There are 2 protein chains.
Amino acid sequence: MQDKGLRITKVRRALIQLFSEHSIPYTANQIEKKLFAIGILVNKTTIYRELQFLSQNGYITEVYLHSNEISYESAELKHHHHLVCESCGNVDDVINCLVSELNREIYQKKKFKIRTHTLEFYGTCAKCAHIKHIK
Amino acid sequence: MQDKGLRITKVRRALIQLFSEHSIPYTANQIEKKLFAIGILVNKTTIYRELQFLSQNGYITEVYLHSNEISYESAELKHHHHLVCESCGNVDDVINCLVSELNREIYQKKKFKIRTHTLEFYGTCAKCAHIKHIK
DNA sequence: ATTGTATTGCAACTGTGTTGCGTTTACACT
DNA sequence: AGTGTAAACGCAACACAGTTGCAATACAAT
Ligand SMILES: [Mn+2]
Ligand SMILES: [Mn+2]
Ligand SMILES: [Zn+2]
Ligand SMILES: [Zn+2]
């Protein structure tokens with residue numbers, strides 16, 4: 001796996017396992033709590049550095065769901081987007097992506113070479129809509 | 001325009017004019033510089049409060065282009081998305097939006113009611129691609 | 001001109017994320 | 001197993017966007 005002088009520490013192992021088991025995006029704070037819950041007490045700085053490391057080495061990718069906090073998810077997931085519930089914060093996946101159809105068109109029209117894109121949906125999930133309805 | 005006790009201050013007037021003249025998204029910092037350049041020296045807090053005010057009252061809308069800073073643009077612009085050049089930072093508009101086609105499909109499949117969505121493109125603009133090429 | 005209150009500046013604060021540095025730890029090599 | 005080295009760590013200090021409390025100021029209506 002890492003034979004370039006990289007080491008398998010307990011935090012690194014825990015994070016890789018977390019991201020491979022769950023396909024949900026996590027923030028640094030959520031990860032801190034998750035690790036604490038399984039008995040791993042680790043400094044915030046270490047988490048930030050590890051997320052940076054995993055991101056730069058292609059294990060995880062950044063996801064922008066909230067304006068002030070970066071989320072991360074496994075880089076092995078197929079290209080997809082997110083449904084973010086503004087009521088409960090739950091995040092679900094959307095597999096559809098019509099965006100790639102635009103790439104050629106945008107390049108021809110604007111000569112802008114798209115490297116990546118973000119597409120996130122904000123609204124109300126089924127559960128929250130139901131709760132609001134019965135109130 | 002505002003007959004609900006709201007006042008026309010020099011900052012408010014300047015911001016409304018800025019956003020109506022330019023269809024570019026601006027951050028609080030960019031606005032501070034813009035205002036300074038036309039002789040209006042104003043505290044950052046005031047800018048943040050004014051952006052909050054204009055946003056809550058429907059004059060401007062938030063745009064998420066960078067992970068740590070909120071941009072704002074006129075709320076009167078037609079629905080569109082952005083081409084953000086990762087090399088020079090220039091922001092261009094994209095009018096195409098295939099996303100609305102997904103709304104019904106997503107609701108039927110997931111019962112998730114979409115209120116809004118963000119769709120931003122990151123890559124290299126024509127100018128930067130050209131510069132890189134001749135180097 | 002006087003007056004009520006919306007707006008402002010300032011200072012202190014919050015929260016995410018980063019950096020420098022001395023210490024600890026993993027692990028490769030003997 | 002013992003040891004050297006660099007990766008990884010914790011801690012403290014920092015950077016920076018954005019917020020809040022409060023006293024001072026400015027707008028606009030009388
Ligand atoms: Mn996802
Ligand atoms: Mn725009
Ligand atoms: Zn996509
Ligand atoms: Zn759209």
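Here is the naming used below: chain letters follow the sequence lines, and residue numbers restart at 1 for every chain. Being a predicted model, the structure only gives us computed values, none of them experimental. What's counted below: heavy atoms across the whole structure, side chains too, no hydrogens, waters or symmetry copies.
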message = Counting distance alone, no hydrogens or angles: does the base of D:dA7 have a donor or acceptor under 3.5 Å from a partner atom on the side chain of A:Arg7?
response =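 Yes, a donor-acceptor pair under 3.5 Å.
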message = Determine whether a donor-acceptor pair (one donor, one acceptor, N or O, separation below 3.5 Å) exists between the side chain of B:Arg49 and the base of D:dG18.
response =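 Side chain to base: no pair present.
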Closer than 4.0 Å, any side-chain N/O of [X] to the OP1 or OP2 of [N]?
{"X": "A:Tyr48", "N": "C:dG17", "value": "yes"}
{"X": "A:Asn68", "N": "D:dG18", "value": "no"}
{"X": "B:Gln52", "N": "D:dT19", "value": "yes"}
{"X": "B:Asn43", "N": "C:dC10", "value": "yes"}
{"X": "B:Thr45", "N": "C:dG9", "value": "no"}

Taking atom [atom2] of [N] as reference, at what distance in whole Å does atom [atom1] of [X] sit?
{"X": "B:Gln30", "N": "D:dA17", "atom1": "CD", "atom2": "P", "value": "11 Å"}
{"X": "A:Phe53", "N": "C:dG17", "atom1": "CZ", "atom2": "P", "value": "19 Å"}
{"X": "B:Arg13", "N": "C:dT7", "atom1": "CZ", "atom2": "P", "value": "13 Å"}
{"X": "A:Glu32", "N": "D:dC9", "atom1": "CD", "atom2": "C1'", "value": "15 Å"}

With respect to the side chain of [X], which nucleotide from [options] is positioned closest?
{"X": "B:Val11", "options": "C:dT16, D:dA8, C:dT8", "result": "C:dT8"}
{"X": "B:Glu50", "options": "D:dC11, C:dT8, C:dT16", "result": "C:dT8"}
{"X": "B:Ile8", "options": "C:dG9, D:dA28, D:dG18", "result": "D:dA28"}
{"X": "B:Leu6", "options": "D:dA8, D:dG18, C:dT7", "result": "C:dT7"}

message = Between A:His80 and A:Lys78 (side chain of the first, backbone of the second, donor and acceptor by atom type, cut-off under 3.5 Å), is there such a pair?
response =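 Side chain of A:His80 to backbone of A:Lys78, a donor-acceptor pair under 3.5 Å: yes, one is there.
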query = Under the 3.5 angstrom rule, does the side chain of A:Arg115 hit a backbone N or O of B:Thr124 as a donor-acceptor pair?
reply =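 Not a single qualifying donor-acceptor pair exists.
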Closest heavy-atom pair and its distance - B:Asn96, B:His81 =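 Shortest heavy-atom contact: O-CD2, 4.0 Å.
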task = Check step by step if side chain to side chain contact (heavy atoms under 4.5 Å, CB included) holds for A:Ile60 and A:Glu76.
result = CA-CA 8 Å; A:Ile60 58 177; A:Glu76 298 195 343; over 6 Å; no
task = Report yes if the distance between the aromatic ring centroids of B:His82 and A:His117 is under 6.0 Å, otherwise no.
result =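 Centroid distance B:His82-A:His117: not below 6.0 Å, so no.
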ask   = Does B:Ile70 or A:Thr46 map to a spot on DNA chain D nearer the 5' end, using the closest nucleotide for each?
value =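 Here A:Thr46 is the residue nearer the 5' end.
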